[in-house]
Amino acid sequence: MRLAALPAVVGHSITPVAAAVVDRELGQPWGFRVTGWAVAALLAMALPGNVGAAEVPPAEKELTPASVGQLRLAFTFRTHHPGPATQAPLADGKTLFLLTPFPHTLYALDLATPDATVRWRYTPEADGTARGRSCCGEGQGGMSLEGGRLYVNTLDGRTLALDAANGAPAWEVRTADPSSGESLASAPLPAGGKLLLGNAGDRFGVRGWIAALDAGTGRRLWRLHSTGEDAEVGIGAGFRPLYPGDDRADRGVASWPPSAWQQGGGGVSGPILWDAGSGLVFHGTGHPAPLVPDQRQGDNRWTSGLFARELETGRARWFDPLNSHDLYGLGATASSLLLDRDWRGAPRRLLVHPDANGHVYVLDRGTGEILSAEPFVPVNATAGVDLATGALRRDESKAVRRGRMTRDICPASPGAVTGASAFLPETGLLYIPSRRLCMDMEARNANYIRGTGFTGANLRLRPADGEGQGALVGWDLEAGRPAWTVPERFPLSGGVLATGGLVVYGTLDGVLKALDARSGAVLWQFQAASGILSRPVAFRGPDGHAQLAVLAGSGDGPEAEIDRRDASAEDGMGNVLRDLPRSPDPGVTLYMFRLP
Amino acid sequence: MRVIPAALLLPLILAGCKREARETRLDPPVAEALGGVRVMANGISGQPPMVNAAQGEPYRNNAYQLAQGKRLYEWFNCQGCHADGGGASGPALMNGWWRYGPDAVSIFVTLRDGRPNGMPSFRDRLTTEQMWQLTGYLQNLGATVAATAAPSRNDAMQTRPAENRAPAMGALPVSPDR
């Protein structure tokens, strides 16, 4: 079902009509129906050119704190897909691309038509068994657009390239093996004729890797792992060890009990970044497997840290072990930002990384040197970061031992941030979608059985002290502390969009919010019919008007079959989401907003 | 060695309780017969092996067998995908809502052969008897009436109401609207 808000033409004046009419006849209280859309469509077609664009003063076409209040729902596009929608839509001016959760369908919507007709759709072949492998708030594949091509990673381990104009497949390769619990969680990154991607599967004891494919053919150029011998990790002459011990050979084997590195996790499940200027790519590695630390004594290199690699060969340049011997299943795959700006008085090429462990890391991305690491949520498992060694100052009372329960560990797995943060140069603020959660963790024995969870821990999450299970943190980068925070009832999961003085994000209970980027004041909000796990996107439509789109769909429909009486359900989230209202319409739906 | 006091105590213990019969090692023919399920063509429901009924449904009613099922549930990483029954990447097993039917044969076949949307087959990892122990345990977990024989406590973290007092289904999930 679609909803179209079309300009109702009365003489020469144009009045925008948001046709959000509640559809009672169909018995769906939250469903939308178009009233009189056929008439409006006919009128729109009869009018030459684009009437709306001509009548609106240019300033109002921008999305700003001043204009955001006039945002109107233009239409919705329902896919009927029940799963969790984690991938943000992509827009290239005339077309909007949208990828549903697994089993995926890819839609190309024509933005030039008032209610966005489907230009083409493509459904990749799907291996249904992968559905049981997607885990703990990780993404469900992803897509990116470059040079007229769409590149897609599917949850079940396929990477494909399609012609963005008509959906014709160019190539498809198998890159991950779902039978072992391996999947693809995020979008592939086009970088200088290559396509970079990494695997997910830390909870299944999958050994992490990052690979580069030839973007033209899909042929694999290199693949390097997060554990194992130096040659397989890409550690050699160009590697500059930053911290004591990391100059020794084969740390990816020696910092593990015998052969444990083979099921050691460290997946590259988050976004990968490319710095064209220096030819380096940056990525985090996931947590080590299993969760129970006694079964993997040692530093567990090269999991739960940040890598810089050369794009051409994949060879490692530096590595920052953010969570050495990660005790809490955090990993370092949360998305980072590359910023070129003054830092404490001198221009620097920075990498800013809000980590699952609750600290914002500011690094020099050329050398990997940590310049600052300050907490943005309540943290009690550690008492700060030693900048010289990168080591966390751990609190012994929060140690995790097999057969014992450790209570109130903050932050909780999978971490204090999972969605992408955003930055605005004009405010100097970093906007972090944070999760204010703690956990009780009980470590058990873990048996490796291929294709099943290799965890060895019971987790039970709970809200941290203070207001809300989540917060949008407006983080003053230079000062290393929050300028303001907007508490949220539920943990934030999706990413943040920062544009033109606005910060836009969605919540698990389906509210899309726009804040003033300076003050954090809520300027506009909209209630969607399902939770929002993906990042909103803003772009200029073919008519020159600013548009805002968000894909809602939290996957909490009946198909999910989660019983939240079990505190450990959904990796411990069951305990904190008990009050989360069920979505009235869990199907994945695109909401499209326009300025009049 | 304190053989003598123990030997003296033994008759007392034996006299003091009527123990539930516990079959710790199966007769080979019984083990063999346990595999004899006849499944409907769609892989859901069918006829359980005769020996089950002949032995008085031990996997459904016997506290020892149920406790074994609970241990296997942890040992074979069912938790990784189903949590303690509340579900994660796999569906909840304690809500009384079954995709493939609530009866023993459906659950047994799920474990033996796997299911298309990501339930692995445990045919090569569990013995037939172990699959029955798990089946009985899950039937109790997802049962609408509490069973006194079901386990009442966890060795591990208590994450949900205990099996013996957790009738499934506060409310049935609404069925999808299409």
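Lettering follows sequence order; numbering is per chain, from 1.
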When you compare the side chains of A:Asn575 and A:Arg462, does any donor N or O come within less than 3.5 Å of an acceptor on the partner? no
Could you look at [X] and say if it's the side chain, the backbone, both or neither that has a heavy atom under 4.5 Å from chain B?
X        : value
A:Arg564 : neither
A:Asp440 : both
A:Arg450 : both

Atom pair [atom1]/[atom2] of [X] and [Y] - distance to nearest 0.5 Å:
X        : Y        : atom1 : atom2 : value
A:Leu508 : A:Arg435 : CG    : CZ    : 8.0 Å
A:Arg296 : A:His287 : CZ    : NE2   : 8.5 Å
A:Glu442 : A:Ser568 : CD    : OG    : 10.5 Å

B:Phe76 meets the ring pair (Phe, Tyr, Trp, His ring centres under 6.0 Å) criterion, sequence neighbours left out, with none
(message) Please verify the inter-ring angle class for A:Tyr448 with A:Phe454; under 30° counts as parallel, over 60° as perpendicular, anything in between as tilted.
(response) perpendicular
Per-residue tally against chain B (heavy atom, under 4.5 Å) across A:Arg460, A:Met573, A:Arg444 peaks at A:Arg444
Taking a cut-off of under 4.5 angstrom between non-hydrogen atoms, the residues of residues 117-128 of chain B near chain A are B:Asn117, B:Gly118, B:Pro120, B:Phe122, B:Arg125
- Message: Check this for me: A:Gln262, atom CD, are more than 12 non-hydrogen atoms of other residues, nucleotides or ligands nearer than 6.0 Å?
- Response: yes
Ranking B:Gly86, B:Cys78, B:Gly80 by heavy-atom pairs under 4.5 Å to chain A gives rank one to B:Gly86
In terms of heavy-atom contacts, A:Leu577 and A:Pro491 come closest through CD2-CD, 4.2 Å
